[in-house]
Structure formats: structure tokens, C-alpha cells
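Notes to accompany the following structure.
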Amino acid sequence: LALAWDAKRGQLHVAGKFNAIDGRNVPAGLAIYDSNSGRLVAHPGGGLTMRNATQDGVGTALQLDEETGVLYVMGSFERLTANNAMCLGLAAYEIDLNRWTCLADAAHTVLPTGGGNMLLTPFGLMVAGRTTSLTTWPDSKRPYTIALLKTTLKKKKKTKSKTTGDNDYLMEGITTQARDFKWSWLPGFSGHEEPIHTLSNGFGEFDGTVFIGGDDLIAMWRYEEGNEANNDDSPGKTKLSGTQKALVPITKKLSEGHFRGAIMAISQ
């Protein structure tokens, strides 16, 4: 149901509904093709199951951040076989560290309609879907929206040096660092009354634009230059009169008054 090619490592990540390769059982939902060996094998990160570990999970979408080595996996699953941890439908796999992080967050939960609802963008990972009653989304009349996940490296931990005294410190290597995953709602997007089915990155003159498609919806989201009022009265800062230019997130509906129907896929 989904593929993600890692040119840096020469590997193709595979997600879907399966539990065997060449007649041999493998952890369900994930596999990997290594271009060097020419073989499709079980995924090094394990597989996906439901709460009852005997029931197979399904991988429906993959997005790969090749630079940071993070594979994002979305699907119908409730548990990760690698660590037997409960995780409802969305997780991040750090390839070089062979480590999973569950990304399910009750405050920003959205229920996707399909694999096209997850997209890695220059601004972070976007996931579109219907909000639940437990989320912090403020508009119940527009329950379909987009959650945004940003990833940063945690600060290096300091450890006391055994050779230079209590006041000196040695820094841990970057390979031992973990990542912080932080959710928010997509700024500049006010939600939609009907399901959202697809997200797509723009390119060329639309670089930095995300196209959004759904029921009665074709839209584009991006940052544009606009006016931002300067109301900073902080001590020690000079207050500027009037307004100053700033980049602000906006959503433009391209289908308003022109289109009715369901957009299931979109691309520039």
C-alpha cells in the first residue's frame, strides 16, 4: 500500500497488508528491499499488530526523511512488535538507531481517510483527518483539519568528566541523541466541513506550497509576506510604530464557487 525509497542507504521500505515473504512468516505490515543484496526481507524495525498481538496490523502510508534517517509509518495498528509497545496508528522509526517513537497524541489526533493524508513537507510532517472529542481543535463545525509534527534533536546531555574535575563536562556523542517530536495545528488553516483526502508538495514556482484536496475542496497552503502589527512592549526593546513585514501562513481555496465533488489525489 506504500513505498519509500532511501537513496542514501539503497533501501526500499515497503508497507501493506502481509505477513510472509517467499513463504516464510515475517512480522506483519512492513518489509524492506535491499538493492545491494537484491532481496526483499523482514523489516529491521519489526512489524505491526493490533492490541491482540496475534492479529496483524496494516501499514497504509510511509514518509521518509532521508536526511535525518527517520521513517514515518501510518496505518491500522495498535502495537509495535519490536518493543511490544502500544501505539495507535502512527510512529517514527529512526533507522540508524533502530529505535521507534510512538507519535499518537490525544490532543492532536486526527483520523485519516487514507494513505494520502500524510505528507512530509519542509515545515514538518502533516497529517490530515477528522478530529476527535479529546483533541484541542477549537472548531467543531470544521472538524476536518491538519496536524503538524516538527522534529528537533534534544540538547546534548552533560556528563561529569572523571579526568578534568567536577566543573568540567564531556558531551555525549550525537549518535546517542534522541529526537523531540512536537505536535501543533497547521497555522493559517481553519479546517474544513468535509473529509480531507490528499496532500501534495508543490515545486518550482510553488516550492514551499502544500496543495490540499478533499470533499468540495481544492486549496493551497503556504507562507506569504504580510503585515504584522508590532505590539512588543517588552522592557529594553524599542517599540516601532505602525506595522512591519512578516511571513504569515495563509490558505487559499481554489475551488470556491467552481467545484463540487471529492478530490482523492492531487499533484502539481
Side-chain angles (χ1 to χ4, degrees), residues 1-2 4 15 48 57-65 68 70-78 80 85-94 100-153 179-202 208-223 247-253 263-266:
L1 297 174
L48 314 169
V58 179
T60 59
L62 298 173
Q63 290 287 297
L64 174 67
D65 189 334
T68 62
V70 178
L71 178 71
Y72 297 98
V73 180
M74 186 173 75
S76 177
F77 61 88
E78 298 174 310
L80 303 168
M86 293 296 297
C87 185
L88 302 181
L90 186 60
Y93 176 64
E94 295 174 78
W100 284 99
T101 300
C102 183
L103 300 178
D105 175 21
H108 295 89
T109 296
V110 292
L111 304 177
T113 60
N117 287 52
M118 182 171 71
L119 179 69
L120 186 63
T121 77
F123 311 98
L125 184 76
M126 296 185 186
V127 182
R130 183 183 177 94
T131 56
T132 69
S133 60
L134 299 178
T135 69
T136 59
W137 180 249
D139 191 349
S140 60
K141 293 182 179 179
R142 294 172 172 263
Y144 296 90
T145 190
I146 300 172
L148 177 66
L149 179 74
K150 292 189 177 182
T151 305
T152 57
L153 281 175
R179 286 180 168 81
D180 271 327
F181 298 94
K182 185 176 181 180
W183 285 103
S184 63
W185 299 114
L186 183 66
F189 183 72
S190 60
H192 190 53
E193 299 88 348
E194 302 293 336
I196 298 171
H197 300 298
T198 181
L199 304 171
S200 179
N201 283 313
T209 297
V210 175
F211 294 99
I212 306 166
D215 287 2
D216 299 335
L217 178 66
I218 304 172
M220 56 189 293
W221 176 94
R222 64 185 178 190
Y223 278 89
L247 290 177
V248 295
I250 60 96
T251 301
K252 291 184 178 180
K253 287 191 175 181
I263 299 297
M264 307 304 295
I266 196 167

Rounded to the nearest 0.5 Å, how far apart are [atom1] of [X] and [atom2] of [Y]?
X: M86; Y: E78; atom1: CE; atom2: CD; answer: 5.5 Å
X: T251; Y: H192; atom1: OG1; atom2: NE2; answer: 12.0 Å
X: L125; Y: F181; atom1: CG; atom2: CZ; answer: 9.5 Å
X: L90; Y: F77; atom1: CG; atom2: CZ; answer: 6.5 Å
X: L48; Y: L80; atom1: CG; atom2: CG; answer: 6.5 Å

[X] versus [Y], closest heavy-atom pair with distance:
X: L71; Y: A4; answer: CD1-CB, 4.2 Å
X: E193; Y: K141; answer: CG-O, 3.7 Å
X: A61; Y: A2; answer: CA-CB, 3.7 Å

* Asked: Does one side chain, of W185 or T136, offer a donor that lies under 3.5 Å from an acceptor on the other?
  ->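 T136 and W185 do have a side-chain donor-acceptor pair below 3.5 Å.
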* To do: Taking the side chain as every heavy atom from C-beta outward, state whether W137 and P143 have any pair of such atoms under 4.5 Å apart.
  =>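 No. Closest side-chain heavy atoms not under 4.5 Å.
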* Is there side-chain contact between M126 and V210, with heavy atoms separated by less than 4.5 Å? ->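 Touching, per the 4.5 Å side-chain cut-off.
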* Would you sort out whether F211 and T198 count as a side chain to side chain contact (heavy atoms under 4.5 Å, CB included), showing the intermediate values? => CA-CA 8 Å; F211 294 99; T198 181; over 6 Å; no
For residues 144-152, dump all side-chain donor-acceptor pairs below 3.5 Å to protein atoms at least two apart in sequence or in another chain.
{"unit_1": "Y144", "atom_1": "OH", "unit_2": "R130", "atom_2": "NH1", "d": "3.1"}
{"unit_1": "T151", "atom_1": "OG1", "unit_2": "Y72", "atom_2": "OH", "d": "3.0"}

[X]: partners by side chain to side chain donor-acceptor pair (under 3.5 Å), with sequence neighbours left out:
X: T68; answer: D65
X: N201; answer: none
X: D139; answer: none

* To do: Go through E194 and L217 one step at a time and tell me if the side chain to side chain contact (heavy atoms under 4.5 Å, CB included) criterion holds.
  => CA-CA 8 Å; E194 302 293 336; L217 178 66; over 6 Å; no
* To do: Given side chain to side chain contact (heavy atoms under 4.5 Å, CB included), test V127 with M74 step by step and report yes or no.
  => CA-CA 10 Å; V127 182; M74 186 173 75; 4.2 Å; yes
* Which residue pairs pass the disulfide (SG to SG under 2.5 Å) test with at least one member in residues 100-131, sequence neighbours excluded? ->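 Passing the test, one end in residues 100-131: C87-C102.
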For residues 109-122, which side-chain N or O atoms pair as donor and acceptor with protein atoms under 3.5 Å away, sequence neighbours left out?
{"unit_1": "T109", "atom_1": "OG1", "unit_2": "D105", "atom_2": "O", "d": "2.7"}
{"unit_1": "T113", "atom_1": "OG1", "unit_2": "N117", "atom_2": "OD1", "d": "3.3"}
{"unit_1": "T113", "atom_1": "OG1", "unit_2": "I196", "atom_2": "O", "d": "3.3"}
{"unit_1": "T113", "atom_1": "OG1", "unit_2": "H197", "atom_2": "ND1", "d": "3.1"}
{"unit_1": "N117", "atom_1": "ND2", "unit_2": "A128", "atom_2": "O", "d": "2.9"}
{"unit_1": "N117", "atom_1": "ND2", "unit_2": "I196", "atom_2": "O", "d": "2.8"}
{"unit_1": "T121", "atom_1": "OG1", "unit_2": "F123", "atom_2": "N", "d": "3.0"}
{"unit_1": "T121", "atom_1": "OG1", "unit_2": "G124", "atom_2": "N", "d": "3.2"}
{"unit_1": "T121", "atom_1": "OG1", "unit_2": "G124", "atom_2": "O", "d": "2.8"}

